[in-house]
**Q** 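Quick one: the structure is below, questions incoming.
Source: prediction; values computed, not measured. Letters A, B, ... mirror the listed sequences (proteins, then strands); counts begin at 1.
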2 protein chains.
Amino acid sequence: MSAPLRLGIAGLGTVGIGVVDLIRTEGALIAARAGRPVKIVAVSARDRARDRGADLSAFAWEDDPVALARRGDIDVFVELMGGENGPARAATEAAIAAGKDVVTANKALLAHHGQALAEAAEAAGRVIRFEAAVAGGIPVIKALTEGLAANRIRRVMGVMNGTCNYILTRMESAGLPYEAVFEEARQLGYLEADPRLDVDGIDAGHKLSILAALAFGTRVAFGAVELEGIGRIAIEDIRHAAELGFRIKLLGVAQMTGRGLEQRMSPCLVPADSPLGQLQGGTNMVVLEGSAAGQIVLRGAGAGAGPTASAVMADVIDLARGTRYPTFGVPAATLAESVGASVAAPAPYYLRLTLQDKPGALAKVAAVLGDAGISIDRMRQRGHSEPTAPVIIVTHKTTRDDVNHAISRFAATGVVVGETVAIRIEAV
Amino acid sequence: MSAPLRLGIAGLGTVGIGVVDLIRTEGALIAARAGRPVKIVAVSARDRARDRGADLSAFAWEDDPVALARRGDIDVFVELMGGENGPARAATEAAIAAGKDVVTANKALLAHHGQALAEAAEAAGRVIRFEAAVAGGIPVIKALTEGLAANRIRRVMGVMNGTCNYILTRMESAGLPYEAVFEEARQLGYLEADPRLDVDGIDAGHKLSILAALAFGTRVAFGAVELEGIGRIAIEDIRHAAELGFRIKLLGVAQMTGRGLEQRMSPCLVPADSPLGQLQGGTNMVVLEGSAAGQIVLRGAGAGAGPTASAVMADVIDLARGTRYPTFGVPAATLAESVGASVAAPAPYYLRLTLQDKPGALAKVAAVLGDAGISIDRMRQRGHSEPTAPVIIVTHKTTRDDVNHAISRFAATGVVVGETVAIRIEAV
């Protein structure tokens, strides 16, 4: 058996300790599969004194992750600190400059600096691996970059933030409003320290931008992701969607269109009986559509110590076995500048509007939609006793622009009151 | 860019032509991702004159696949002929002896001769790759061998024969008996030339034995797979199962137990609302349960030219990139002799028996079950007008032996007529 592969681990939170535990408990198995032992040489974290429930005495300690990254006795720098800048970025750059391979779980870092890091790594003859950065324990980076390497990718979709999916699922099952479930999730410790990373779709958007770069051979472009969070999803929309046979998911979609690369992370209606629609709670799902393989669906735990450590160690074992290819699957210099599609592809929309109970009210709404070029697939108005009533409309395929245009005209009808909700229906 | 990777393709059926087409249409994309061009140098098939709808004029032709395998101008021998012996085996052995890497879609070959081939390949410093041998376009070999490489695998499950799943799904949706749907499937061309490979679970059993070897580090042992086909599944069992919230699937299960390796490919009841239960038609699904990653579900097309060619080319691209590790993930010499578990782990069972309408009949059946140590979870007897009536029983966890023992005692009760059906209920 060859010489050990020597790791330096920066960051000893849930995931870092998960990796330490995994190597401790499954070291023999990992060595057998890797063809050589995998050994932690040194670790780094903010607070050396903190009790992390793991014996770290066999490892050298560095207070400074940059110093860890430069150590002469490590082969692979494992970055598990997180954050798009600061120590994570500095240490990753230092590791590459010092000739180390890098394994990272840091989606924010890659979403913001992926191109520069990939170029630096290739110039130094090093590789960056990041299976743990997207969808936790699901080997989706591998499936996309290796398993479907002979495919032109048509579309990538996914539910990639377990916390948002937990909130939406729980709103439906318990009939609770967003604010109440958000508070529950906070108390359960499901939310990031800055919850906007979860509920505004930023974390999931980071992941989508990484998948899009891999899928379409473009430079990672998080800034071009159309982001919309779940904070405005009302319990009545979840109920109306369910009655129509849909569920609302925070869904990421990336596809190459005639107008450029479309990247969206936003609430969408999906059929309740589709694999995405059936996804409950904190589980993640990624759907890959390949020109040859067709639709591949991957499902599993998107977070947690075990699943994320599993993904980190898959990358480490690949490196131990000698697997090496460019960060985004092709040389960084050949990645195309990402030209963002300014308009999303047409889709049906779900509309909820509140109508005054006047004769001809529905006809006025229908006329506005017709004038905007939007045709109606289904319309529902519930029996009611109040002077206003909710009306649910499912349109045929249209654009967000046309929908917004129609909504702006509703006020002038004199029969639509309050805000009109519009949510895209994604064909999955 | 490096020198081309040169392929020799033996077998020009659906899959072989699929690979030729994929390289022709996506050659530039494949070269970009592989880091070098992938080039077909020579091909071989039984009948040179046959029109295959593809231009093969640029490739050298060999009538004999063994001669193809030995050509000095190929790097990788791509075996797409099929069959556990005969030309496929001879040519694969010849390729290894001649120092070629091998990519194969041949599950039967690996299920029967995987250990010997892996040893020969390692002795020659060559690798054998076989993503296309299991679950078509789904990168499940990669997920198991690489993606979950840091996991102790708890259980592998799967629906891996699309034809059987089509037949079972169609029986339920159309309310047709097995024989009628079998005939439909034959006319649609869904069945192998020898349909027993499909409906007796042999093809799926081959796949399961390969996954089990990868998952548990054991020598592939197809002979130890407990095989039961779908030919005896009655439409009334599908109906009763549905009423109880289950679907019947030809389900493969491999798990390491205290009594050895359990490998089963047999009809099972699974919850209708589980991912496996929801799988319709010809789609495949594999469930991997890892100690760290938890449950990973993979779903996609299990057959067809595109999906299978996608898997073949994923292996080829891996080889072009320089990815190399032993055939079953660890050195062949370290694979443990597979000690088969003689008895499957306990599970609940579904029983359907026909009872004479006599006072105390149900009590007699219950007494036999009680004597066999089997406790009853649910029992259903339908209102009826005939002198006999079907009774459906769901047991608590028990063993197949205890079930068989109880069934053998039913005759002596004088109230059970005809055959009693017993189907395992798998917790998924």
**Q** Of all the residues in residues 129-145 of chain A, which have a heavy atom that comes within less than 4.5 Å of a heavy atom in chain B?
**A**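 Residues in range: A:Gly137, A:Ile138, A:Pro139, A:Lys142, A:Ala143, A:Thr145.
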**Q** Say whether, by atom type as modelled, one donor and one acceptor occur between the side chain of B:Thr308 and the main chain of B:Gly304 under 3.5 angstrom.
**A**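 Judged by distance alone, yes, a pair lies under 3.5 Å.
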**Q** Treating A:Asp101 as the side-chain partner and A:Val76 as the backbone partner, does any N or O pair qualify as donor plus acceptor under 3.5 Å?
**A** no
**Q** Is it the backbone or the side chain of A:Ile296 that comes under 4.5 Å from a heavy atom of chain B, or both, or neither?
**A** both
**Q** A:Arg324, A:Arg321, A:Met285: which one forms the most heavy-atom pairs within less than 4.5 Å of chain B?
**A** A:Arg321
**Q** So, does A:Asn165 use its side chain to make a donor-acceptor pair with the main chain of A:Gly281 at under 3.5 Å?
**A** yes
**Q** If you count heavy-atom pairs under 4.5 Å between each of B:Gly147, B:Gly300, B:Ala34 and chain A, which one has the most?
**A**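 Most heavy-atom pairs under 4.5 Å with chain A: B:Gly147.
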**Q** Tell me, for B:Leu22 versus chain A, whether the close heavy atoms (under 4.5 Å) come from the side chain, the backbone, both or neither.
**A** side chain
**Q** Highest number of heavy-atom pairs under 4.5 Å with chain B: which of A:Ala150, A:Ala311, A:Gly27, A:Gly290?
**A**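 Between A:Ala150, A:Ala311, A:Gly27, A:Gly290, the count favours A:Ala150.
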**Q** Any non-hydrogen side-chain atom of B:Leu251 less than 4.5 Å from a side-chain atom of B:Val159?
**A**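 Yes, their side chains come closer than 4.5 Å.
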**Q** Between A:Gln278 and A:Asp273 (side chain of the first, backbone of the second, donor and acceptor by atom type, cut-off under 3.5 Å), is there such a pair?
**A** yes
**Q** When only pairs under 4.5 Å are counted, which of A:Gly322, A:Gly329, A:Gly294 shares the most heavy-atom pairs with chain B?
**A** A:Gly329
**Q** Output the option from B:Pro307, B:Ala314, B:Ser291 having the highest count of non-hydrogen pairs under 4.5 Å with chain A.
**A** B:Pro307
**Q** Any donor-acceptor pair under 3.5 Å linking the side chain of A:Asn151 with the backbone of A:Ala292?
**A** yes
**Q** Look only at the side chain of A:Arg155 and the backbone of A:Gln255, and say whether a donor-acceptor pair between them is shorter than 3.5 Å.
**A** no
**Q** Taking atom CG of B:Leu5 and atom CD1 of B:Ile30, what is their separation to the nearest 0.5 Å?
**A** 11.5 Å
**Q** Checking side-chain polar atoms at under 3.5 Å, does A:Glu146 have a donor or acceptor matched by the opposite partner on A:Tyr325?
**A** yes
**Q** For chain A, which candidate among B:Glu26, B:Met313, B:Gln295 shows the most heavy-atom pairs at distances under 4.5 Å?
**A**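 Highest number of heavy-atom pairs under 4.5 Å: B:Glu26.
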**Q** Say you draw a straight line from CD of B:Gln280 to OH of B:Tyr166; how long is it, rounded to the nearest 0.5 Å?
**A** 12.0 Å
**Q** Side chain, backbone, both or neither: which part of A:Asp318 has a heavy atom under 4.5 Å from chain B?
**A**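 Looking at A:Asp318, just its side chain touches chain B.
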**Q** Test salt bridge (Lys or Arg N to Asp or Glu O under 4.0 Å) on A:Arg154 and A:Glu289; report intermediate values, then the result.
**A** CA-CA 5 Å; A:Arg154 309 275 191 217; A:Glu289 295 178 350; over 6 Å; no
**Q** Which answer fits A:Pro326, side chain, backbone, both or neither, if we ask what part of it has an atom under 4.5 Å from a heavy atom of chain B?
**A**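 Neither part.
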